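For ligands, and for the atoms within them, numbers begin at 1 and follow the listed sequence. The shown structure was predicted, so the numbers you read here are calculated from the model rather than taken from an experiment.
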Amino acid sequence: MNNKIIIGGIIAVVVIGGVLFFLNKGSSTQTSMQQHMPSQAQTQTQANPTTGSTAMAKNAVTIQNYTFSPATLTVKVGEKVTWTNQDSVGHSATADDNSFDTGVIAQGKSGSNTFTKAGTYTYHCSVHPMMKGTIIVQ
Ligand SMILES: [Cu+2]
């Protein structure tokens, strides 16, 4: 009799454990989806509704060794430019005419701006004003 109770208890623990494992898997998937939410909210405050790896690959400027690379980038009207900081110090991409400002971007992070008007936009880093770059919007 006691053995049956113990075996029944073990089976119950295994079944409950299995259910909890799958529930946990489900919630961790949800968590990874939710992690995209803050970046979207952040982007919206910067008036850039679109995010995504495809957009990042295109029109990407890398900030490394206190340099914007490429220093001059040509894009089309309506396109988004993404700056990714590879330096351990923070940098920004700030328009000389203040028409856009990514804010200070930490190491490994990105900032972006969508250019809706044609023109030549010279910009600099607000932390290190000697860092300069140009976006040409056609
Ligand atoms: Cu800088």
Parallel under 30°, tilted from 30 to 60°, perpendicular over 60°: which one fits the rings of Y121 and F115?
-> tilted
With the Cu ion (ligand 1) as the apex, the SG/SD angle for C125 and M131 - to 10° | 110°
Could you tell me whether a side-chain N or O of N85 sits under 3.5 Å from a main-chain N or O of K109, the two making a donor and an acceptor?
-> no
Determine which of the N, O or S atoms in H91 is closest to the Cu ion (ligand 1) and give its atom name.
-> ND1
Among the N/O/S atoms of H128, the Cu ion (ligand 1) lies closest to ND1
Are D87 and Q64 side-chain neighbours, meaning at least one heavy-atom pair lies under 4.5 Å?
-> yes
Residue pair H91 / F68, side-chain heavy-atom distance below 4.5 Å | no
